[in-house]
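I have placed the structure first, in the form of structure tokens, so that the comments after it can refer back to it.
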Amino acid sequence: MSLLPKNVRTRLTLWYVLAFTLLLLFYAGISITLVYINLRNNLDDQLQQDYEIVENLIEILPDGSVRIESEEDPYFYERWFEVRSADWKLLYESRPFSGKSLPPVSQKEKTTDGIHFHSLKLKNDVAVRILSGKMNIEGKRLFVRLIRSEERLWSELNGFLLLMLIALPVTILIAGFGGYFLTKKFLSPIDEMSAKARRIGEENLKERLPVKNPDDELGNLALVFNEMLERIQKSFLRLKQFTSDAAHELRTPLTAIRSIGEVGLHGNKDAKQYREIIGSILEENGRLTHLVDNLLFLSRADSKAFNKRLAPLELKSFVEDAAEFIRPLAEEKNQTLAVQSENEIMASADRALLRQALLNILDNAIKYSPENSIIIIRVDLSESNRALIEVKDNGPGISEEHLEKIFERFYRVDKGRSREMGGTGLGLAIAHWAVAAQGGKLTVESKINKGSSFKIIFESYK
Ligand code: ADP
């Protein structure tokens, strides 16, 4: 189980505080180091000055001992230094502070040429900074050590450290509170969105999430969510419309069957009249079956239950076969079904689905075209070099306002006429889906009184 709090706001604040603390510690570390280096450099500068002064004031007496000129100078009362000979013997010592003694000259001091600085702690825990240097005075080589206490350096550094120790937690606390309120402010749109989203249901699907700033990430999230709601609302409305249309369509033949049955029950009829009544009932039943078959087809299409099997298909023989199948319907109206195909054209298609689409289009062409007219089925290549099947009729045509809607489910230009002819308003919706399912496109061109042309254009051809 994660130890991190579940609340995003607290988590963000914690991360922020952690990052901020690390940054502050890093900054404090660098500052303290710089302050230390600066203070130590100051101390070294002072030692260096002392060294130069001492160098100018050393006087070598004839017996080889060392004297410091102007020894009375108060400056020297407070300076701690010693002068040794080249063999490290103490020649002079100024030690203003009693009880403090320097350790013997170290190997490093002995071997280093010129000036050398180092810090050390005396026995009584006093930290000192030592400058050791070798100099030539009147041809004599001398070793000088100057000592200054580091007490002030450490007290200043400790003061600075204390300041940091007090300021750091206070700053972190302020940053933490600031961070918490900032994240609260920034995340408040999410709270508003989730409260709104929780209230959106089936009955108020048209409502949308608030979008405060469409340009930021949260605004973008709300926009994407709203687009999704739009899609859900549309498909919900489509489904609702489809269910109500389907119920309506089913009611018509059912009412017809009921009325015909009631007429049959009424009074005495002869065998011929009963046969007519049964015939009418069977006819309505046929319509019902056709409608239910179409509804089932679309429901399977919607649930993607079709196993499409795309395979190379030779279009000329395929179209001739479909035309042969539907020709009896055309012959009833004395219409001519003509197949035009010059070249052998192959397409990648699902034979059963394509047949269903083509038969629906041909059925419409026969249904809506006048008697004695010609319906042409052309197999060819489109302008963009794709396989194409065109069904062209000399029927009444479809006006522009209806043209874009005829592929919608249950859409009919003339409801009464379509039903009279056994239409369900689903034929073109099915054809459109079946062609699209194979990666193709079903288009229509039509003008009132100038006939219609339906084109199935395939994705590719071989
Ligand atoms: P229906 O079962 O009513 O034929 P469709 O989905 O097959 O339903 O067609 C939708 C509507 O498009 C039809 O009602 C008809 O008004 C119009 N339509 C389809 N094909 C043709 C055509 N070849 N000529 C004229 N109108 C057509």
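One is the number of the first residue; the rest follow in order along the sequence. Order of listing sets the numbers, starting from 1, for every ligand and every atom in it.
Protein residues with a heavy atom under 4.0 Å from ligand 1 are Asn364, Ala365, Lys367, Tyr368, Asp393, Ile398, Ile406, Tyr411, Arg412, Val413, Ser418, Gly423, Thr424, Gly425, Leu426, Gly427, Leu428, Ser452, Phe454.
No hydrogens or angles considered: a donor-acceptor pair under 3.5 Å links the side chains of Ser119 and Glu150.
Gly423 and Arg412 get closest at one heavy-atom pair: O-NH1, 3.3 Å.
Gln335 places no side-chain N or O within donor-acceptor distance of the main-chain N or O of Glu331, the cut-off being under 3.5 Å.
Surrounding OH of Tyr274 are more than 12 heavy atoms belonging to other residues, nucleotides or ligands, all under 6.0 Å away.
Here CD1 of Ile277 is found 5.0 Å from NZ of Lys269. Values are rounded to the nearest 0.5 Å.
Checked for salt-bridge contact, Asp380 and Lys316 miss the test: no charged N lies under 4.0 Å from a carboxylate O.
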